[in-house]
Amino acid sequence: QVQLVESGGGLVQAGGSLRLSCAASGRTFSNYDMGWFRQAPGKEREFVAAISWIVSNTDYADSVKGRFTISRDNAKNTVYLQMNSLKPEDTAVYYCASRRGPYTAWILTGPSEYGYWGQGTQVTVSS
């Protein structure tokens, strides 16, 4: 079955950086769009970034544009989220997700479009 395992979260001061990783297994990784979402206490899960199976296509939430970068290494079945200039409002549990179907034409940002999820990794940014 499909498994997604995140790592790289932690505690960092405002202005600092973290890199999250998500290792995927269970199907041909390179055929599927991948996304990062986050959920802060008391808030709904929100889109952060996504990368298509065509690696050149990416999308970002307005709140992270210019600070976060999503990338993937298909040889390692891993997707990354490089987070720079972190702010206290970036504090949340970050989840990796994969689209249900392969070769999708468009990057979609709704959580319901993603059928597989990791367990999440906590990111805490102190002021």
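Every pair passing salt bridge (Lys or Arg N to Asp or Glu O under 4.0 Å) that includes a residue from residues 43-54 is listed here, sequence neighbours excluded: Arg38-Glu46. For residues 14-33, every residue pair satisfying the salt bridge (Lys or Arg N to Asp or Glu O under 4.0 Å) rule, not counting sequence neighbours, is listed here: Asp33-Arg99. Within the structure, every pair that satisfies the side chain to side chain donor-acceptor pair (under 3.5 Å) test and touches residues 79-88, not counting sequence neighbours, is listed here: Ser17-Asn84, Gln82-Asn84.
Nearest approach of Tyr116 to Val2, heavy atoms of both residues: CD2-CB, 3.6 Å. Phe47 and Ala61 get closest at one heavy-atom pair: O-CB, 3.4 Å. The heavy-atom pair separating Leu4 from Ala24 by the smallest distance is CD2-CB, 3.5 Å. Considering all non-hydrogen atoms of both residues, Leu81 and Ala49 come closest at CD1-CB, 4.1 Å. Residues Phe37 and Thr109 approach most closely at CE2-O, 3.3 Å, considering heavy atoms. Across all non-hydrogen atoms, the minimal contact from Tyr94 to Ala92 is CD1-O, 3.4 Å.
Under a hydrophobic clustering in which Ile, Leu, Val, Met, Phe, Trp and Tyr are joined whenever their side-chain heavy atoms come within less than 4.5 Å, directly or via other members, Ile70 and Leu86 fall into the same cluster. Linking Ile, Leu, Val, Met, Phe, Trp and Tyr residues whenever their side-chain heavy atoms come within less than 4.5 Å places Tyr60 and Val79 in a single cluster. Phe68 and Met34 fall within the same hydrophobic cluster, defined by Ile, Leu, Val, Met, Phe, Trp and Tyr side-chain heavy atoms under 4.5 Å apart, directly or through other members. Residue Trp117 is not grouped with residue Ile107 when hydrophobic side chains (ILVMFWY) are merged at heavy-atom distances under 4.5 angstrom, including chains of intermediate members. Under a hydrophobic-cluster definition in which Ile, Leu, Val, Met, Phe, Trp and Tyr are linked whenever side-chain heavy atoms come within less than 4.5 Å, directly or via other members, Val64 and Val93 are assigned to different clusters.
A 4.5 Å side-chain heavy-atom check between Thr91 and Gln122 finds at least one atom pair inside the cut-off. Side-chain contact between Trp36 and Cys96 is present, with at least one heavy-atom pair separated by less than 4.5 Å. Counting only heavy atoms from C-beta outward, the side chains of Trp53 and Asn31 never approach each other to under 4.5 Å. A heavy-atom distance below 4.5 Å is found between the side chains of Met83 and Leu20.
For Arg67, the salt bridge (charged side-chain N to carboxylate O under 4.0 Å, His left out) test picks out Asp90, with sequence neighbours left out. When the ring pair (Phe, Tyr, Trp, His ring centres under 6.0 Å) test is applied to Tyr32, no partner is found at least two apart in sequence or on another chain. Judged as a side-chain contact (heavy atoms from CB on, under 4.5 Å), and not counting sequence neighbours, the contacts of Ser7 are Ser21.
When atom types are taken as modelled, the side chain of Tyr95 and the backbone of Glu6 share no donor-acceptor pair closer than 3.5 angstrom. For the pair Thr78 (side chain) and Ala23 (backbone), a donor-acceptor distance under 3.5 Å is absent.
Going from atom CG of Asn77 over to atom SG of Cys22 covers 10.5 Å, rounded to the nearest 0.5 Å.
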